[in-house]
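To keep things clear, I will list the structure first and then write my remarks on it.
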Number of protein chains: 2
Amino acid sequence: MKTLDTALKLLKLFETEEQTLSVTEIAEAAALPKSKVSRLLADFRANGFLEQDEQTRRYRVGLAAFELGSNYIKSQPLAHAALPVLRQIVDRTGHSTTLSVMRGDLILHILAVEGPHYIDGRWRVGNRLPFHATSAGKVLLAGLMPAGFEAFVANRRLDPITPSTVTDPEVFRRQIEETRSSGVSLTRGESAPGLSAIAVPVLGRSNDTVAALGLIIPDRFFAEEETDSLIALLHEEARTLSIKCGAADYPFGSASASHTPALARSAAPV
Amino acid sequence: MKTLDTALKLLKLFETEEQTLSVTEIAEAAALPKSKVSRLLADFRANGFLEQDEQTRRYRVGLAAFELGSNYIKSQPLAHAALPVLRQIVDRTGHSTTLSVMRGDLILHILAVEGPHYIDGRWRVGNRLPFHATSAGKVLLAGLMPAGFEAFVANRRLDPITPSTVTDPEVFRRQIEETRSSGVSLTRGESAPGLSAIAVPVLGRSNDTVAALGLIIPDRFFAEEETDSLIALLHEEARTLSIKCGAADYPFGSASASHTPALARSAAPV
DNA sequence: TTTAAAGTTGCATATAATGCAACTGTTTTT
DNA sequence: AAAAACAGTTGCATTATATGCAACTTTAAA
């Protein structure tokens with residue numbers, strides 16, 4: 001099944017930032033002869049998975065791909081179960097809420113419900129952000145066991161996105177460890193100035209971290225004194241969701257008899 | 001390029017309502033031997049376009065497909081240009097706003113910005129609804145020229161979704177004609193009880209209808225006397241968007257010197 | 001007008017897809 | 001509990017299908 005395999009690798013080039021791609025660009029990127037690429041793309045186009053600009057002949061993602069992709073939310077049990085939960089969190093807190101998963105070396109928002117405060121498009125569904133500059137990313141990394149985490153940090157540059165982005169591997173490592181024990185990460189302006197975020201893990205069947213549930217809060221609406229109750233709320237909802245996903249236990253937040261009941265706040269130093 | 005072609009046809013089965021599909025179901029639906037289907041699906045899985053349930057072995061849409069699909073919005077010029085417009089409409093009216101296109105014999109919401117009033121999940125991005133029960137659908141049908149419309153009505157059953165759904169082909173035809181001349185469709189509870197909708201066309205390069213821009217309004221928040229100004233606002237924004245998409249002219253609403261300036265309201269009889 | 005570049009198509013060749021049937025594993029029936 | 005039925009995957013020879021080169025067409029630049 002090599003034909004389909006190379007075809008899908010071409011399609012994956014459209015998952016990146018590039019808006020449109022030409023036959024030549026794709027052929028070069030994939031190190032394949034143009035004739036082959038041309039034929040494959042034509043077939044994707046015929047099936048609606050790619051569209052071709054009439055003028056420039058450049059290809060872009062097609063409606064069939066969009067429609068297929070939007071079924072992910074409906075068929076993925078986690079995402080499906082999470083939608084009402086996110087809604088409720090927005091209702092109760094007034095803040096935009098997201099559900100994020102790992103995807104390669106970035107985090108991907110698979111679900112987002114926006115609150116009344118306007119937030120930059122970067123937080124919309126389908127957007128990707130680096131691990132080290134987001135609370136969701138830190139929660140997901142903390143879910144990897146030490147070995148996996150070390151592998152990540154080893155060959156990764158912690159590029160600064162804003163002046164507040166953590167770039168020191170030691171500080172980063174310590175934050176991840178704190179997140180691992182407290183089950184929460186709080187970041188302030190690390191990926192966009194003036195924007196804070198709180199995230200907690202959602203656990204799956206074998207109590208591994210399968211997603212991060214988080215709030216995005218513009219600083220001017222972020223009341224410091226509410227932090228603890230927001231974290232408690234997130235933990236509460238993440239517990240519900242985790243149990244629904246088959247997790248045996250959710251060891252964070254107050255309702256559980258487990259460890260670290262109230263020190264959650266100390267998790268992610270500003 | 002027959003291998004890719006059959007492979008994509010399998011993938012398209014996941015665009016439908018079905019949440020998950022088994023190898024056997026797919027093989028039957030596509031009239032292909034199970035061995036072939038099994039191999040193709042395994043390859044889609046290896047590339048992340050499909051995921052397989054550990055227990056049931058059934059397939060569902062994968063994360064790669066989701067990520068690819070979400071790039072549609074970014075690379076499709078219309079959708080990309082429309083996002084800020086929708087945001088502005090929500091800000092100004094307080095109502096949820098959608099952008100919809102034709103997709104087979106259903107309409108598909110490719111963009112949606114939710115207002116403060118809770119609205120049923122059916123209006124979320126990626127959802128499909130029948131033409132005859134939605135204002136967006138009527139606008140899109142009105143954009144087809146008479147021949148195309150007749151072809152549609154001819155072999156189509158106007159199944160009732162609610163008691164208010166239009167099921168009489170003659171009434172339906174008249175509504176489409178009125179929509180064609182007025183450039184607006186207003187429906188009340190035709191696809192869900194207690195929910196009204198207003199939609200106007202967005203025109204493309206050759207002044208054909210490429211999308212429908214619409215509001216979804218729960219009846220209890222729908223102030224009758226605002227109807228005209230809502231329609232005017234939609235027309236105004238749709239004009240901006242149409243010009244951006246290369247339309248030479250936008251013949252609806254007040255700012256244009258064209259025809260039917262103020263009778264918009266008479267468009268879609270309740 | 002000439003030259004260059006991008007994209008598509010024809011064709012002989014070899015590679016990769018095919019379907020059958022056998023095999024494994026899981027669920028249902030008696 | 002054993003047997004049967006069913007769902008899914010894999011081995012293998014056979015042939016259809018994808019392949020790359022080069023010629024060709026089309027669009028853009030000089």
Side-chain angles (χ1 to χ4, degrees), chain A residues 1-14 16-62 64-65 71 75-77 205-206 246, chain B residues 1-14 16-62 64-65 75-77 204-206 246:
Chain A
M1 204 63 44
K2 214 175 148 195
T3 301
L4 179 53
D5 213 70
T6 55
L8 293 181
K9 280 183 178 53
L10 298 191
L11 207 48
K12 278 187 188 168
L13 296 174
F14 289 91
T16 67
E17 302 300 324
E18 310 306 324
Q19 306 288 11
T20 63
L21 292 167
S22 70
V23 172
T24 310
E25 287 167 356
I26 294 172
E28 281 176 7
L32 290 172
K34 288 198 298 182
S35 60
K36 190 177 195 169
V37 171
S38 174
R39 282 188 265 238
L40 289 169
L41 294 185
D43 217 34
F44 277 125
R45 170 163 46 90
N47 283 280
F49 284 87
L50 293 177
E51 289 176 1
Q52 192 171 23
D53 188 290
E54 306 272 320
Q55 267 82 48
T56 66
R57 320 234 94 186
R58 295 174 70 83
Y59 284 91
R60 57 169 181 260
V61 178
N71 270 359
S75 59
Q76 178 70 22
R205 203 161 292 279
S206 45
Chain B
M1 203 61 47
K2 215 175 145 194
T3 302
L4 179 53
D5 213 71
T6 55
L8 293 181
K9 279 182 180 56
L10 298 191
L11 207 48
K12 279 189 189 167
L13 295 174
F14 289 90
T16 66
E17 303 299 323
E18 310 306 324
Q19 306 287 13
T20 63
L21 292 167
S22 70
V23 172
T24 309
E25 286 166 356
I26 295 171
E28 280 177 6
L32 290 172
K34 286 197 300 182
S35 60
K36 191 177 196 169
V37 171
S38 173
R39 282 188 266 237
L40 289 169
L41 294 186
D43 217 34
F44 278 124
R45 170 163 46 89
N47 283 280
F49 284 87
L50 293 178
E51 290 175 0
Q52 191 171 25
D53 188 289
E54 305 272 321
Q55 268 82 48
T56 67
R57 320 235 91 187
R58 295 175 70 85
Y59 284 91
R60 56 169 182 261
V61 177
S75 58
Q76 178 70 23
R205 203 162 292 279
S206 45

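This is a predicted model, so every value here is computed, not measured. Residue numbers begin at 1 in each chain, while the letters A, B, ... track the order of the sequences. Just so you know, these numbers use all the heavy atoms, side chains as well, and skip hydrogens, waters and symmetry mates.
- Atom pair A:Lys2:NZ and C:dA14:P shows a separation of 16 Å (rounding to whole Å applied).
- To the nearest angstrom, C1' of D:dT17 lies 12 Å from NZ of A:Lys36.
- Residues satisfying the side chain to side chain contact (heavy atoms under 4.5 Å, CB included) criterion with A:Ser35, sequence neighbours excluded, are A:Pro33, A:Arg39.
- Taking the salt bridge (charged side-chain N to carboxylate O under 4.0 Å, His left out) definition, one finds that B:Glu25 meets it with B:Arg58, sequence neighbours left out.
- Note on the helix from C:dT1-D:dA30 to C:dT30-D:dA1: terminal axis deviation equals 50°, with five pairs used at each end and the result rounded to 10°.
- Considering only residues two or more places apart in sequence or on other chains, B:Arg205 meets the side chain to side chain donor-acceptor pair (under 3.5 Å) condition with none of them.
- Residues passing the side chain to side chain contact (heavy atoms under 4.5 Å, CB included) test with A:Ala30 are A:Leu10, A:Leu32, sequence neighbours excluded.
- To the nearest angstrom, P of D:dG20 lies 10 Å from CG of A:Leu40.
- Between B:Thr3 and the phosphate of D:dA18, there is a side-chain N or O to OP1/OP2 separation shorter than 4.0 Å.
- In this structure the side chain of B:Thr24 never reaches within 4.5 angstrom of the side chain of B:Val37, judged on heavy atoms.
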Listed pairs, N/O of protein and of nucleotides 5-11 of chain C, under 3.5 Å:
{"from": "C:dG7", "atom 1": "OP2", "to": "A:Thr24", "atom 2": "N", "distance (Å)": "3.0"}
{"from": "C:dG7", "atom 1": "OP2", "to": "A:Thr24", "atom 2": "OG1", "distance (Å)": "2.3"}
{"from": "C:dG7", "atom 1": "N7", "to": "A:Lys34", "atom 2": "NZ", "distance (Å)": "3.3"}
{"from": "C:dT8", "atom 1": "OP2", "to": "A:Ser38", "atom 2": "OG", "distance (Å)": "2.9"}

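- Comparing A:Leu32 and A:Gln55 by the nucleotide of DNA chain D whose heavy atom lies nearest to each, the residue mapping closer to the 5' end is A:Leu32.
- One atom, CG of B:Asp53, and another, P of D:dG8, lie 12 Å apart when rounded to the nearest Å.
- Atom CG of B:Asp5 and atom P of D:dA16 are 19 Å apart (whole Å).
- In this view, B:Arg57 and B:Gln52 satisfy the side chain to side chain contact (heavy atoms under 4.5 Å, CB included) rule, not counting sequence neighbours.
- Residues forming a side chain to side chain donor-acceptor pair (under 3.5 Å) with A:Lys34 (at least two apart in sequence, or on another chain): none.
- Remark: B:Lys12 pairs with no residue by the salt bridge (charged side-chain N to carboxylate O under 4.0 Å, His left out) rule, at least two apart or across chains.
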